[in-house]
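Structure record follows, encoded as C-alpha cells.
Treat the numbers as computed from the prediction; the structure is a model and nothing was measured. Starting from 1, each residue takes its place in the sequence as its number.
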Amino acid sequence: MTYHPKSEFVSVMIERGFLADCTDYQGLDDALMAGVVPGYIGFDATAKSLHVGSLIQIMMLRWLQKTGHKPIVLMGGGTTKVGDPSFRADERPLLTPDQIDDNIAGIKAVFSNYVTFGDAPSDALMLNNAEWLDGLNYLDFLRDIGRHFSVNRMLAFESVKSRLDREQSLSFLEFNYMILQAYDFLELNRRYGCLLQMGGSDQWGNIVNGIDLTRRVLDHEIYGLTSPLLTTSDGKKMGKSQDGAVWLNPDMRSPYEFWQFWRNTTDADVGRFLKLYTELPVDECDRLGALEGSEINEAKIRLANEITTLAHGPEAAAAAEATAREVFEKGGVGDDLPTLALTKDEIADGISIVQLIVRSGLAKSGKDAKRLIAENGAKLDDAPLTDAGLMIDASKLATPIKLSAGKKRHALVTLT
C-alpha cells in the first residue's frame, strides 16, 4: 500500500489491515479532511443476529465514528426480500415481512455496543432501506433508474459470472439485487448526504454501481472502500466454528462460548485479529502476536477479553475468563459454562449419554456423538467416556455433571 493518507480514518484502515481497495483514495481522503463524512454499511436481515463474520464491518463503522465521522447502519428490510446472490451457489430462502422485522429487532441490539446513536453530527444513524424501496413504482423505477444499467456490464461482475460459469440458475429477482443496492447509495446520498459506502471486497461491483448511478442521476462524487474477505490462517471462513455460526447476540451464543471461540484462535492469527477486532495499539498487537510457546496463550486470553468486552461488556468477559481458568487450569466445573437443564419428567426413564451430548450442543447428531465417544474424545466429569450405551438417571444428576468434547468444549447438565 503506497498511498500515504492525511486523514486519521484511512490511516487506521491501512495500518490495522481493514483496507482491500478504495475507489478514489485522494478524493475520500480530502472529503474526510474537509468535514464530517457520513458513511454506511448495509446488513441484510437474514437471521436474528449477525455473526462474527460481520464484525470486521461493525469495527469499520466504530472506527469511522472514533475518528470523528458519522456511521450509518443500513438495515436491509427491503433488499432482504430479494436476497443478495453474491458468490452464492443457490438462491436464498425468501423471508416474510414479519420474519424480517423480527430479525432487524434482534440485530439492532448488537450495534449499541459498538457505536453511539443520537443527534450530534458524528452520532450514528440506523436506517431501513424499506423506507424507500417498499414504495417504488416499478415502471417509474425502470425508466428513471434501470436505464442507467448495462446488462452486459452486470453479467461481467464476478459475483454473477461465477454463478453463470457453474451453470447454476440466477433468478431475475436476484439479478435485480445489485440495482437495488446501487439505488440505496443514491438515496442515502440524496436524503442524508452519505459520501461513503463500505463493505467486504465481494461487494466491490455493487459499490461501484452505486457510485456510477449517483454520478449520473445527481452529479455527486461519492466513494467506496472495501475490506478483505477474511479467512483464518487454515483457510476457514470467519464466523463459523465446529458447532455452527458464532453469533453476536448473547441469547444465540453465550458470552462464554463467544469468549472461547476467540481463545481458540490459531497462533498465526493472533496479531492480525488483535488489530482488526480490538482497539489495542498496533505496536502492542504486533508484540502480542509475535509471542511463542505458552506465552501466546496469554495473548489469546487478551484477545478474547478485549473482543468479548466490546460485544458483551467487561463483566461478561471477566466471568468467561474465570470460568475458563476454573475448567482448564484447575479441572473444576466453572459457573459460566453452557448449561442443559433437564426436568425429572424428561429423565423419568433415564436418558442416554449420546442424547445428552447432542442436546448440550457438543455434537450435531447422535452419529457424531457416538463417533466422539469411539475416538476417545468425550469425557464425563473429566473421566474418559467409553460406553456409548450409558444411561443417565435422576440419581446421577443429584449434582451437576460436566460433559467435555475434546480439551476445549464443555457443558454442564443439571436437574431442575
Side-chain angles (χ1 to χ4, degrees), residues 1-3 5 7 9-10 13-14 18-32 37-44 54 56-57 60-61 64 69 71-74 76 78-79 82-88 127 129 132-133 141-142 144-165 170 172 174-230:
M1 181 72 225
T2 53
Y3 182 74
S7 68
F9 177 68
V10 177
M13 290 296 99
I14 292 170
F18 283 99
L19 203 147
D21 212 342
C22 179
T23 56
D24 179 355
Y25 287 102
Q26 189 67 57
L28 175 59
D29 216 14
D30 290 345
L32 289 160
V37 168
Y40 93 97
I41 299 178
F43 299 88
D44 274 350
S54 297
I56 189 167
Q57 267 75 50
M60 288 166 83
L61 288 173
L64 187 70
H69 302 283
I72 296 175
V73 180
L74 183 66
T79 37
V82 175
D84 183 0
S86 296
F87 299 95
R88 286 181 61 88
L127 304 171
N129 63 13
W132 50 84
L133 293 181
F141 185 71
L142 283 181
D144 298 337
I145 303 299
R147 66 192 178 89
H148 294 295
F149 287 84
S150 157
V151 171
N152 309 52
R153 188 158 176 257
M154 290 165 76
L155 288 171
F157 281 122
E158 194 56 42
S159 56
V160 173
K161 201 159 160 283
S162 62
R163 184 95 156 252
L164 297 178
D165 285 349
L170 178 71
F172 182 66
E174 294 175 285
F175 192 55
N176 271 269
Y177 184 91
M178 64 177 79
I179 301 179
L180 295 177
Q181 186 171 327
Y183 186 66
D184 280 347
F185 203 175
L186 167 70
E187 282 297 322
L188 285 168
N189 179 255
R190 179 157 41 202
R191 294 169 183 233
Y192 300 96
C194 185
L195 295 179
L196 172 66
Q197 183 184 355
M198 300 183 288
S201 55
D202 59 338
Q203 296 298 314
W204 178 258
N206 290 333
I207 291 172
V208 169
N209 271 337
I211 292 170
D212 287 348
L213 179 65
T214 305
R215 191 180 291 132
R216 287 166 185 261
V217 176
L218 301 178
D219 196 26
H220 289 176
E221 284 297 321
I222 55 178
Y223 310 98
L225 183 152
T226 58
S227 60
L229 288 182
L230 217 60

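One distance of note links OG1 of Thr23 with CG of Leu28; it measures 7.5 Å at 0.5 Å rounding. Considering CG of Asn206 and CD of Gln181, their distance stands at 4.0 Å, rounded to 0.5 Å. Rounding to the nearest 0.5 Å gives a distance of 9.0 Å between OG of Ser7 and CG of Asp30. To the nearest 0.5 Å, atoms CD1 (Ile145) and CD1 (Ile179) are separated by 9.5 Å. For the atom pair CG (Leu195) and CD (Gln197), the distance works out to 12.5 Å, reported to the nearest 0.5 Å.
The backbone N or O of Thr226 sits nowhere less than 3.5 Å from a side-chain atom of Ser201 that would complete a donor-acceptor pair.
Scored by the salt bridge (Lys or Arg N to Asp or Glu O under 4.0 Å) test, Arg216 finds no partners at all (sequence neighbours excluded). Not a single salt bridge (Lys or Arg N to Asp or Glu O under 4.0 Å) links Asp144 to another residue, sequence neighbours left out. Contacts of Asp21 classified as side chain to side chain donor-acceptor pair (under 3.5 Å), with partners at least two apart in sequence or in another chain: none. Applying the salt bridge (Lys or Arg N to Asp or Glu O under 4.0 Å) test to Arg191 and every residue at least two apart in sequence or in another chain returns Glu131, Glu187. When the side chain to side chain donor-acceptor pair (under 3.5 Å) test is applied to His148, no partner is found at least two apart in sequence or on another chain. Residues forming a side chain to side chain donor-acceptor pair (under 3.5 Å) with Asp184 (at least two apart in sequence, or on another chain): Asn129, Trp132. Under the side chain to side chain donor-acceptor pair (under 3.5 Å) criterion, Asn176 pairs with no residue at all, not counting sequence neighbours. With sequence neighbours excluded, the residues satisfying ring pair (Phe, Tyr, Trp, His ring centres under 6.0 Å) with Phe43 are Phe111. Looking at residues two or more places apart in sequence or on another chain, you find a side-chain contact (heavy atoms from CB on, under 4.5 Å) between Ser227 and Ile56, Gln57, Met60. Residues forming a side-chain contact (heavy atoms from CB on, under 4.5 Å) with Leu218 (at least two apart in sequence, or on another chain): Leu186, Asn189, Arg190, Thr214, His220. Partners of Tyr192 by ring pair (Phe, Tyr, Trp, His ring centres under 6.0 Å), not counting sequence neighbours: none found. Under the salt bridge (Lys or Arg N to Asp or Glu O under 4.0 Å) criterion, Asp212 pairs with Arg153, Arg215, sequence neighbours left out.
Proximity of Ile41 to Val73: side-chain heavy atoms (C-beta onward) are nowhere separated by under 4.5 Å. The shortest side-chain heavy-atom distance between Leu180 and Phe141 falls under the 4.5 Å cut-off. Between Phe149 and Met154 there is a side-chain heavy-atom pair separated by less than 4.5 Å. Contact check for Leu64 versus Phe9: side-chain heavy atoms found under the 4.5 Å cut-off.
Minimum interatomic distance between Cys194 and Leu196 (heavy atoms only, all atoms of both residues): SG-O, 3.4 Å.
Asp29 and Tyr223 form no side-chain donor-acceptor contact under 3.5 Å, judged by distance and modelled atom types alone.
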*Kindly determine whether Asp44 and Tyr177 satisfy side chain to side chain contact (heavy atoms under 4.5 Å, CB included), including the steps that lead there.*
CA-CA 12 Å; Asp44 274 350; Tyr177 184 91; 2.9 Å; yes

